[in-house]
Every structure is written in C-alpha cells, then in structure tokens.
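Values below: all heavy atoms of this structure, side chains included; hydrogens, waters and symmetry mates excluded.
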Protein chains: 2
Amino acid sequence: MARTQQSRTFPQPGHNHDRCAVQALARAEALCDAKRLRFTSVRRRVLATVWASHAPIGAYDILAQLNAGGGRNAPMAVYRALDFLLAHGLVHRVASLNAFVGCAHPGEAHSHKLGSQLLICRACGSVVEFDGRAVSAAVARAAPGFAIESEVIEISGLCPHCRRLTRRKAIARD
Amino acid sequence: MARTQQSRTFPQPGHNHDRCAVQALARAEALCDAKRLRFTSVRRRVLATVWASHAPIGAYDILAQLNAGGGRNAPMAVYRALDFLLAHGLVHRVASLNAFVGCAHPGEAHSHKLGSQLLICRACGSVVEFDGRAVSAAVARAAPGFAIESEVIEISGLCPHCRRLTRRKAIARD
DNA sequence: CTCGTAAACGTTATAGTATAACGTATCAAT
DNA sequence: ATTGATACGTTATACTATAACGTTTACGAG
Ligand SMILES: [Zn+2]
Ligand SMILES: [Zn+2]
Ligand SMILES: [Zn+2]
Ligand SMILES: [Zn+2]
C-alpha cells in the first residue's frame with residue numbers, strides 16, 4: 001500500500017492528498033456501517049472538511065466551508081457533528097489550538113485509548129499521531145497513586161520536512 | 001521545610017493553603033526582583049487570585065475576583081498580566097481547560113523548560129506538576145526527526161486523596 | 001404498514017474565551 | 001528635563017462553545 005495518512009510519519013509536502021481524504025471517508029463509512037451508526041450528510045461533510053488537509057481546523061472554519069456554497073448551517077450543526085466524530089474516534093481535538101484534525105487510525109487498537117498523542121508542525125501545520133505507548137508508560141510511572149483517566153499530549157515543533165527547509169534558509173543566509 | 005505547594009504531590013484536602021499562596025507570592029517577588037521585572041499591582045493581584053487554590057481558574061473568573069470589591073478592570077488587564085506571568089514561568093496555561101494555574105517551581109531548573117506537564121484531578125480540581133523528564137525522553141524517542149519546541153502534557157484522572165474517597169463510597173454501597 | 005420512540009436536526013439565543021487597536025500614564029536612564 | 005520603552009485604560013470586536021426548544025427523520029415492534 002502506498003504511503004497515505006495511515007502512516008505515523010509526516011505527509012510529504014507535495015503528496016497526493018486526495019487519496020488521504022478519500023481513504024479517510026471510506027474508513028469512516030465502513031466503521032459506521034459496522035457499528036450501525038448513522039453517517040449522515042452533515043457528519044460526512046464535516047469529516048470531509050476536516051480531512052481537507054493534515055492541519056487542524058477550527059469549528060467556525062469548518063462552518064464556513066460547509067456554507068461556502070450558500071448553505072445556512074448554524075454552529076450547532078458543526079459542533080454536533082464534531083461531538084459524534086470525536087465520540088467514535090474519527091477526529092481528534094487539538095486542545096492547544098482549539099481545533100480538530102482527522103484521526104488516521106479510527107477503530108484500530110489505539111495504544112492511546114486514553115487520549116490523543118500528537119506531533120504538531122508549527123511551520124506547515126501538519127499533525128500526526130505518534131506511537132505513544134512508551135510515553136504513556138512513562139507517564140504512569142511518573143504519577144504513582146494517580147488514577148489516569150485521559151491524556152492530552154500535544155508536542156509542537158518542526159516536522160522533518162520543514163526542518164530541512166529551515167536549515168537550507170539558514171545556510172543560504174550565511 | 002513543611003510540605004507546601006513546593007512538592008510535586010497532591011495537596012492534602014485540609015492543608016493550610018495560606019502558606020502556599022504566601023510563599024508563591026514571595027517567590028514571584030524575589031524572582032522579579034532578581035530579573036529586574038516589574039511586579040506591578042495588577043500582576044500581583046492576578047497571581048494571588050490564581051493561587052487562591054490549586055485548581056485552575058479561568059481568565060474571566062480571575063477578572064471577577066479582581067473586580068469583586070468594585071473594581072473596573074477590563075479583560076485585557078487580566079490577559080496582559082497572564083501573558084507576563086506565563087512568559088516568566090509564574091503560571092501555567094491548562095490548555096485542556098482554558099484556564100490557568102500557579103507554577104509551584106518558578107525559576108527552578110524545570111525539567112520541563114519546553115512546557116508544562118500536569119496532573120489534573122477531575123474530582124477536587126487540584127493540579128500538580130510532575131517530574132516529566134522520563135516522559136520527555138520517551139517523547140523524543142517516539143518522534144525521531146521531529147524538532148521538539150514545546151510540550152503540552154495534561155493528564156486527567158483522580159488524585160490519591162479523591163481516589164480513596166471514591167473507593168470508600170464504592171465499598172459503602174455494597 | 002402504522003405506530004411509538006429515540007436519534008438527529010434546525011433555530012435562536014446566549015455564554016465563555018481571547019485579541020486588536022489606540023491613546024495615556026509611568027518608569028528609568030541619559 | 002528629555003526621551004524611549006514598558007505598562008496600563010478603554011472600547012470594540014473576534015473567536016469558541018453550549019443551552020434550550022421544537023420539528024423531522026430513521027427504524028424496530030407489533
Ligand atoms: Zn494527505
Ligand atoms: Zn512541517
Ligand atoms: Zn495549597
Ligand atoms: Zn482530587
């Protein structure tokens with residue numbers, strides 16, 4: 001299988017993102033079908049908007065996209081759809097940005113059932129989930145006596161691609 | 001030294017919290033004095049309000065406290081003071097709650113210069129920082145090629161004290 | 001097929017969080 | 001005293017999220 005949003009690596013700058021989006025929608029459809037959930041029009045459109053890129057998007061930006069063609073949706077429609085998508089693991093909330101991003105591994109045995117573990121590139125905006133099992137284990141060891149119920153782990157910095165660009169610029173300035 | 005907010009353990013339910021607050025203010029004053037920073041009246045009052053408890057408080061709740069005696073401060077005053085306090089490590093932002101909490105180790109060699117690593121009790125609301133050096137190391141190992149710049153690590157659950165209470169209730173129901 | 005129920009949705013209003021922009025006051029160094 | 005930088009006051013506005021209500025739609029039981 002070609003490398004799509006499935007992987008836990010940052011997406012190449014010029015990758016064919018249509019494949020990511022199409023695949024994410026297909027997976028969501030399959031998951032809802034399997035669980036007898038209603039993957040309604042609003043929910044599908046919101047998920048598609050979230051998957052328009054690998055960068056988090058705010059609820060009101062989703063709303064604007066939804067209404068771009070003359071729609072008259074209210075904020076509630078978006079928030080309700082997001083509640084559904086969050087509840088079933090199809091999107092993640094990015095607390096540090098008050099925004100939302102598609103989940104690349106819905107339904108899979110998330111090592112991180114407790115929450116999301118995200119890498120956020122401040123340059124290109126892309127977000128990927130990383131395998132945080134070792135991190136969760138370290139957290140558990142660091143918090144003896146504390147009954148962990150959920151984790152918000154959001155790491156910001158530069159993804160490999162943007163780091164390369166930054167270095168080139170720095171060299172060019174010399 | 002008696003156990004105050006200095007420690008990385010959850011505060012006892014009935015502890016003498018005045019000591020925590022007084023000590024936090026004194027430390028802030030000393031830190032600002034050393035760095036030639038202006039620890040102005042608004043900043044002091046905002047920090048004191050944040051330290052009114054070990055639970056995070058929202059900016060508008062701080063504002064309400066500030067204006068409780070008939071003050072006429074605007075939200076900007078609070079946000080500007082919080083910006084200052086955040087910039088100098090005197091408070092932490094709790095992204096998952098859109099709220100703020102006092103830093104118990106200002107100026108110390110935070111293992112976590114990159115961000116905050118917090119345990120949040122959903123029952124009593126108390127927040128403590130934990131020693132996240134091992135966690136940061138695990139994050140770095142889990143994100144090869146990613147240039148980490150900041151970390152938001154917020155773990156929610158039940159603190160030891162509240163966990164004990166919950167268990168007692170569960171037993172009582174039997 | 002009709003009915004009854006629960007889920008989803010539409011709509012309006014409101015609550016809660018954060019910043020922009022501009023002028024004034026204060027501080028500290030020359 | 002002059003001056004430049006920092007902090008503050010004030011107003012307005014942007015952005016994020018939920019409450020509460022009634023209506024519609026989906027779907028299984030009978
Ligand atoms: Zn893509
Ligand atoms: Zn990037
Ligand atoms: Zn205390
Ligand atoms: Zn507690």
Give B:Arg36 one of three labels, base, sugar-phosphate or nothing, depending on what nucleic acid heavy atoms sit under 4.0 Å from its own.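 Result for B:Arg36 = nothing.
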Reckon A:Arg43 touches a base, only the sugar-phosphate, or nothing at all at heavy-atom distances under 4.0 Å?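 Answer is sugar-phosphate: A:Arg43 comes under 4.0 Å of backbone atoms only.
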Nearest-angstrom distance from the residue atom [atom1] of [X] to [atom2] of [N]:
{"X": "A:Arg44", "N": "C:dA8", "atom1": "CZ", "atom2": "P", "answer": "16 Å"}
{"X": "B:Leu63", "N": "C:dT17", "atom1": "CG", "atom2": "P", "answer": "11 Å"}
{"X": "A:Tyr79", "N": "C:dG10", "atom1": "OH", "atom2": "P", "answer": "17 Å"}
{"X": "B:Asn98", "N": "C:dA15", "atom1": "CG", "atom2": "P", "answer": "18 Å"}
{"X": "A:Met76", "N": "D:dC21", "atom1": "CE", "atom2": "P", "answer": "14 Å"}
{"X": "B:Arg72", "N": "D:dG9", "atom1": "CZ", "atom2": "P", "answer": "14 Å"}
{"X": "A:Asp61", "N": "D:dC15", "atom1": "CG", "atom2": "P", "answer": "8 Å"}
{"X": "A:Leu82", "N": "C:dA8", "atom1": "CG", "atom2": "P", "answer": "15 Å"}

Where the side chain of A:Thr40 is defined as all heavy atoms beyond and including C-beta, which of C:dC9, C:dA7, D:dA17 is the nearest nucleotide?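 For the A:Thr40 side chain, the nearest candidate turns out to be C:dC9.
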Shortest side-chain distance from B:Arg38, nucleotide among D:dA7, D:dC8, D:dT18: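 That would be D:dA7.
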NZ/NE/NH1/NH2 to OD/OE distance under 4.0 Å, A:Arg8 and A:Glu129: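 No, this pair does not count.
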Taking the six-membered ring for Trp and the full ring for Phe, Tyr or His, determine whether the centres of B:Phe146 and A:Phe10 are under 6.0 Å apart.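 Aromatic pair counts; centres sit under 6.0 Å.
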Ring centers of B:His15, B:His54 separated by less than 6.0 Å: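 Ring centres of B:His54 and B:His15 closer than 6.0 Å.
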Aro-ring/base stack A:Tyr60-D:dT16, d under 5.5 Å, angle under 30°: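 Stacking between A:Tyr60 and D:dT16: present.
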Between A:Val42 and B:Ala99, which residue's closest nucleotide on DNA chain C lies nearer the 5′ terminus?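 Between the two, 5'-proximity favours A:Val42.
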Check whether any side-chain nitrogen or oxygen of B:Arg93 sits under 4.0 Å from OP1 or OP2 of C:dA18, and answer yes or no.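 Result: yes.
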If you find the nucleotide of DNA chain D closest to B:Arg80 and the one closest to A:Asp83, which residue's nucleotide is nearer the 5' end?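 So the residue in question is B:Arg80.
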Closest nucleotide of DNA chain D for A:Gly58 versus for B:Ser41: which of these residues is on the 5' side?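 Mapping each residue to its closest nucleotide by heavy atoms, the 5'-most match is B:Ser41.
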What distance separates A:Leu31 CG from A:Cys103 SG, expressed to the nearest 0.5 Å?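 The SG atom of A:Cys103 is 9.5 Å from CG of A:Leu31, to the nearest 0.5 Å.
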Going through the distances and angles, do B:Ser156 and A:Glu151 end up as a side-chain hydrogen bond (donor to acceptor under 3.5 Å, both in side chains)? CA-CA 6 Å; B:Ser156 294; A:Glu151 303 178 354; over 6 Å; no
